[in-house]
Amino acid sequence: MAIKKFKDKLFSRATFRGITAIVIFVIIWEVGARSEQLFGYRFPFLGLVPPPSDVLASWGGLIGDPSYWQSWYMSFLRVFGGFAAAMIIGIPLGLFMAVNRTFYGMSFPTFEILRPIPPLAWVPASIIFWPTQELSIAFVTFLGAFYTIVINVLGGARSINKQFLQAAQSMGASQWDIFRRIVLPATLPSIVVGSAVGMGITWEVVVAAEMISGGGSSGGGAGGGLGFFIWSSYVGGSYEQIVVGMISIGIAGYFSSELLRQLGGLLTPWLKTR
Amino acid sequence: MSTQVKEQSAFSGRDVREQSASEIVATGICKTYGAGPFAKDVVRDCSFTIESNKLTVMIGPSGCGKSTLIQLIAGFETPDQGTITMDGRPITGPGMDRLVLFQESALFPWMTTYDNIMYGPRARGEDTKESAELAEFLLNKVGLEAFRDKYPQQLSGGMQRRAELARAMINKPEVMILDEPFRGLDNMSKELMWEYYAGLYEEDRNTNFFVTTDIDEAIFLADRLLIMTNLPTSTRAVIEIDIPRPRRIEDVVNSSRANEIKKEVMTLLHEEAMKSFSGGSKAAADFLDAYSKRAG
Amino acid sequence: MSAVLDRPATDIVTEGAIRIDDVVKIYDPDGAAVMAVDHCSIDIPAGEICMIVGPSGCGKTTLLNAIAGFHGITSGSIHLDGELLCGPGQPQAEPGSDRIVVFQNGALFPWKTNLDNIAFGPMMAGKLSKQEIYDKARAMMADAGLSGTENNFPGEVSSGLRRRVEIVRALMNDPKVLLFDEPYRALDSLTKSVMHEALLEIYYRNKVTIFFITHDLEEAIFLGHRLVIMSSRPCKPKKIVEVDIPHPRDYSVLTSPRFREIMNEAKGVVHEEAQKAFDAGEKEG
Amino acid sequence: MSNTLDSTAGPQGAEVTTMTLTMHRVSSWLKSPRPYLMLIGFAAVLGFWFLSVEIWKLPRFVDMPGPTEVFSEWFSKDPYYGLSIYTPEYYKHIGISLRRIGFAFLLATGLGVPLGLFLGWSKSFREYIFPLFEVLRPIPVLAWVPLAIIMFAGSETPVIFLTFLASFFATTLNTMLGVESIDESYSRAARCLGANRWQTFRHVVVPGAMPYIFTGLQISIGVAWFSLVAGEMVSGQYGLGYLINTAYMMIEYPKIIIGMITLGIVGYSTSALVRLLGDYLMQWRVRELALGDN
């Protein structure tokens, strides 16, 4: 049954149309990028971009290159490090803000004032503060996911159906039991949503931080990563590798989100029954 | 009336005589929400008694303070004035002795049917063999044994309500409070639920307090019927419903006694609508509209 | 009492007769064919209030959607005043302002005021001037006791009032048929009873054919000329009950002996189907 | 649909004027503990900053600029590092950042909203375009930086392009979701009432998607600032991101903090502006929500 469904989906009209559009996109890109060779006239914008065939060739060459995979590894390490820190600090903080009115009143306005400052604006301050560059990247990465996670946890916990709490209370549940068995599972879906969004932001921040700290003024030394890979390709003039880097980050980001979605699905089995 | 019953109640496994006197008395309660220009009297000088071992049904126009009264009796909120006592002791907060079944199903969506039923005992640290057995027994009782590992979302409306009844009964409450529990069910499932619930009640005749806006539901279920006024709410009339138990839908529907009561209740509610029209309630405006057309 | 004599509606109204002939609807979502409507034939004379009674999710709405033109039928045909709506050669009817649906959860546009909602149909048709349309809309609102709520948004008024606005919005277009899809389901029973009278009131003034889906037997008998009781899934007429209580009706009808008799007659059949659905534990539609 | 107390409060609510309503809100806010807790919160953060940097001189904090240093610079008529609310340079940075944001945001809205509407409305259009959209979306906007510099001449266009790109994805996606979220019965009702396809689009699809569009625009303005700062830090002249980055390189640390705080204020104001515009265009929602509020 499941296989049949998958097959149906694979050969459906929608899949065909999607693939058609992507193929057309790639062809336009290829033709546009080679426009100078083909027509003797350089198309605006596209004419300056490396063609997909060259990108693919360049990628083929990189597959066997350990330093390319080292970049993957470094970025993943930073993303998951920063993300894990954001979860570990953000979830309890969000829950505590939701449960304790006094703490909420004190911390939420401050939180709301700091939130509009884009995480990347923290980069220089972070570099000054943290002893190593690695730590400063980690801090900015953490910040990226942190706000989203806290806001989602807080929103989820505050919108719990009051009747759930009252029902539990009238059955003699203790405060701790209500927290553990009602508040926590009721907030879980928003935690999952918050982390998925947070994961996307984390990738954005890591790439940027790697580019700024690696390629910017601070003199490199942050030790690679896919963002640095792109930047050094740009500085080194190998434009195909820029696109390879972009696609690699896209793939990496997609898989991290997918991983999170699957994990979230396992944690919230009751949502699937809807 | 049930004090003579000697044998144990089949489903709660509890001696019926134990709970002989759980009476709730509300005296002169007032409750206002909001402040300043938004202050709104919801309950004003309201007194009534929920007699022990009887099924008391409260009926009133929708949007009147019935849900507020439930919050007060359950102890989730406190009245601004007046007292509510249970067996003479004032009610100060939520307690195990009074259990509330809510308007929309409040089954925890993240727990299976069985876990939902077991919630009460587990929350109190009574995750014992006896509780588990009782849970199984109740699952059977409400006909959900095949659905014990399903989540609430996978159950039909009627099944959800039955699961919720079981979740309440396992805690052996002295008083069961039901806030329009069958609202939102389609009429056919609703009638089946009436018979079902009446059957459960007739088995051990606990003190039950049932709030509704449905006249037929009220008359079919009630031993005593409290008719409430529109906002601000107080008790308008009390009618003893003397239709013999056990009741069946067909019997009650066809009885002339039920029809008489229905006419009486409709008249009272109509008057309420007329009175509160100047209060500006939209629901009341609807009433007035229709009733005045009927009269003219 | 003769059923024909007691229908003041039918001898005045000449438009809006619906003929549902041997209609079958099969859904095919995941390769598993589900029959929603099974060889269903109903003949509704012009100006009749025809109540379609059956448990939730039995496929009544499928029938309604086919008449309205929201989706097609697999076989059979539906005619309106002898004209083919859908059938051989035309699997799906074209939605039009001669058949207007009043939806289960209400479909007043929340972003338009009550008055703009009511004026919507004629404005789209563009046959009258804006002034004429709004004058007519105001007059109709006044008739239905809706004066004073013209500039409110639907979200600001009570749910009972919203339902009335929706019916007036439909009547603005002089439809031949009104299709009701359990419109009072979400209302509590006291408000509901008020709405029934309001609906009859409007009906006595604008006699149109009414195709009304419900699972509430009391509602069905109180409103209808005729009850078509459906079997649960696939949907098929199981029993037709004539309601020979004379119109105009008011609430005293509910406690009349004849009402009880009809109730008992219908109840057995309905109960059986409801029990089936109850035991099967089907999710409600 | 519940007929609880809140929803019946309609008629009385209408009689209360906006003025008394605001007055009441303000006075009840002042009576609640909230403003005082808020002040305690602010004081705690500022106090910690002040104490750790300027009094206790904690190990890692010494390098950081302290609050007195920052604020005296910010409000000084003769700033030591040449940047305060009295210098035209400060407003030039703000102005240029705002101009970039405004341009990119308008462009993204102008293209993203119609595209999103069509994606949600036409199934075949969605089937063609959406997969391509989904393939491009996981690539972080900032990974486009070098490519943008290659593709667009000058230093201004790449920054605007990046900002646009981030906004564009957020706006389009939310608009599409908005159209998909519209209850089918609304468009069915419109067709029943004789509206043709175009009229349905105009009277149902557009207003129905409005709440989601504005949620999208809120997100969009947020990510626009996010990528603008990154873009300005990497390339470009002037702008708040550029200010922060150059201040770091020139070791003019107080300017970093001034830049950050300014970014926060300006960023918050722009998103408040979008929210106000949304409220203005969606009166029906504001009035519905107001009923449940009092």
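The basis for the numbers below is simple: all heavy atoms, side chains too, and nothing from hydrogens, waters or symmetry mates. Letters A, B, ... are given to chains in the order of the sequence lines, protein chains preceding strands, and every chain is numbered from 1.
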> Most heavy-atom pairs under 4.5 angstrom with chain D, which of A:Gly200, A:Ala252, A:Gly227, A:Pro131?
Replying inline: A:Pro131
> With a 4.5 angstrom heavy-atom cut-off, which part of D:Tyr36 approaches chain A: side chain, backbone, both or neither?
Replying inline: neither
> Listed by residue number, which members of residues 98-109 of chain A have a heavy atom under 4.5 Å from any heavy atom of chain D?
Replying inline: A:Arg101, A:Thr102, A:Gly105, A:Met106, A:Pro109
> Given the options D:Glu134, D:Met151, D:Glu232, which has more heavy-atom pairs under 4.5 Å with chain A than any of the others?
Replying inline: D:Met151
> chain D heavy atoms under 4.5 Å from A:Val205: which part of the residue, side chain, backbone, both or neither?
Replying inline: both
>> Given heavy-atom pairs under 4.5 angstrom as the criterion, report whether the side chain, backbone, both or neither of D:Met233 touches chain A.
In response: side chain
>> Quick check on D:Phe152: does its CZ atom have over 12 non-hydrogen neighbours (other residues, nucleotides or ligands) under 6.0 Å away?
In response: yes
> Of the listed residues (A:Leu120, A:Ile128, A:Ile22), which shares the most heavy-atom pairs with chain D below a 4.5 Å separation?
Replying inline: A:Ile128
> Just how far is it from atom CE of A:Met246 to atom CG of A:Leu226, taken to the nearest 0.5 Å?
Replying inline: 12.5 Å
>> Could you check whether any side-chain N or O of D:Glu54 sits under 3.5 Å from a backbone N or O of D:Thr68, counting only pairs where one atom can act as donor and the other as acceptor?
In response: yes
> Mind checking whether A:Trp203 and A:Phe76 have ring centres under 6.0 Å apart?
Replying inline: yes
> Can you say whether A:Trp122 sits under 4.5 Å from chain D via the side chain, the backbone, both, or neither, judging by heavy atoms?
Replying inline: both
> Side chain, backbone, both or neither: which part of D:Ile244 has a non-hydrogen atom closer than 4.5 Å to chain A?
Replying inline: both
> Can you say whether A:Phe25 sits under 4.5 Å from chain D via the side chain, the backbone, both, or neither, judging by heavy atoms?
Replying inline: side chain
> Hey, would you say the A:Phe228 and A:Trp231 ring centroids sit under 6.0 Å apart?
Replying inline: no
> When heavy-atom pairs shorter than 4.5 Å are enumerated against chain D, which of A:Val207, A:Thr110, A:Ile24 gives the highest number?
Replying inline: A:Thr110
> Does a donor on one side chain and an acceptor on the other come within less than 3.5 Å for D:Trp225 and D:Tyr268?
Replying inline: no
> Hey, is the main chain of D:Lys255 close enough, under 3.5 Å, to the side chain of D:Glu73 for a donor-acceptor pair?
Replying inline: no
>> Please report the interatomic distance CD1(A:Ile19) to CG(D:Leu132), rounded to the nearest 0.5 Å.
In response: 12.5 Å
> Between CZ of D:Phe226 and OG of D:Ser167, what distance do you get to the nearest 0.5 Å?
Replying inline: 12.0 Å
>> Does any backbone or side-chain atom of D:Val141 lie under 4.5 Å from a heavy atom of chain A? Answer side chain, backbone, both or neither.
In response: both
>> Heavy-atom pairs under 4.5 Å with chain A - which of D:Lys123, D:Arg34, D:Met64 has more of them than the others?
In response: D:Met64
> So which part of D:Ile149 gets closer than 4.5 Å to some heavy atom of chain A, the side chain, the backbone, both or neither?
Replying inline: side chain
> Regarding A:Tyr68 and A:Ser248, is there a side-chain donor-to-acceptor distance under 3.5 Å anywhere?
Replying inline: yes
>> I'd like to verify something: which residue of D:Arg60, D:Met260, D:Arg126 has the highest number of heavy-atom pairs under 4.5 Å with chain A?
In response: D:Arg60
> Just wondering, more than 12 heavy atoms not from A:Phe16 lying within 6.0 Å of its CZ?
Replying inline: no
> Between atom CZ of D:Arg100 and atom CG of D:Leu228, what is the distance when rounded to the nearest 0.5 Å?
Replying inline: 6.5 Å
> What part of D:Ser124 is in contact with chain A, defined as an atom under 4.5 angstrom from a non-hydrogen atom: side chain, backbone, both or neither?
Replying inline: both
> For chain A, which of D:Ala44, D:Pro138, D:Gly267, D:Pro146 has the most heavy-atom pairs under 4.5 Å?
Replying inline: D:Pro146
>> Below 4.5 Å, heavy-atom pairs only: which of D:Leu263, D:Val223, D:Ile261 has the largest tally toward chain A?
In response: D:Leu263
>> Taking atom CZ as the centre, does A:Phe111 end up with more than 12 heavy-atom neighbours from other residues, nucleotides or ligands that are less than 6.0 angstrom away?
In response: yes
> Does OH belonging to D:Tyr238 count more than 12 external heavy atoms closer than 6.0 Å?
Replying inline: no
> Strictly under 6.0 Å, is that where the ring centroids of D:Phe130 and D:Phe125 end up?
Replying inline: no
>> For A:Ile242, which atoms come within 4.5 Å of any heavy atom of chain D: side chain, backbone, both, or neither?
In response: side chain
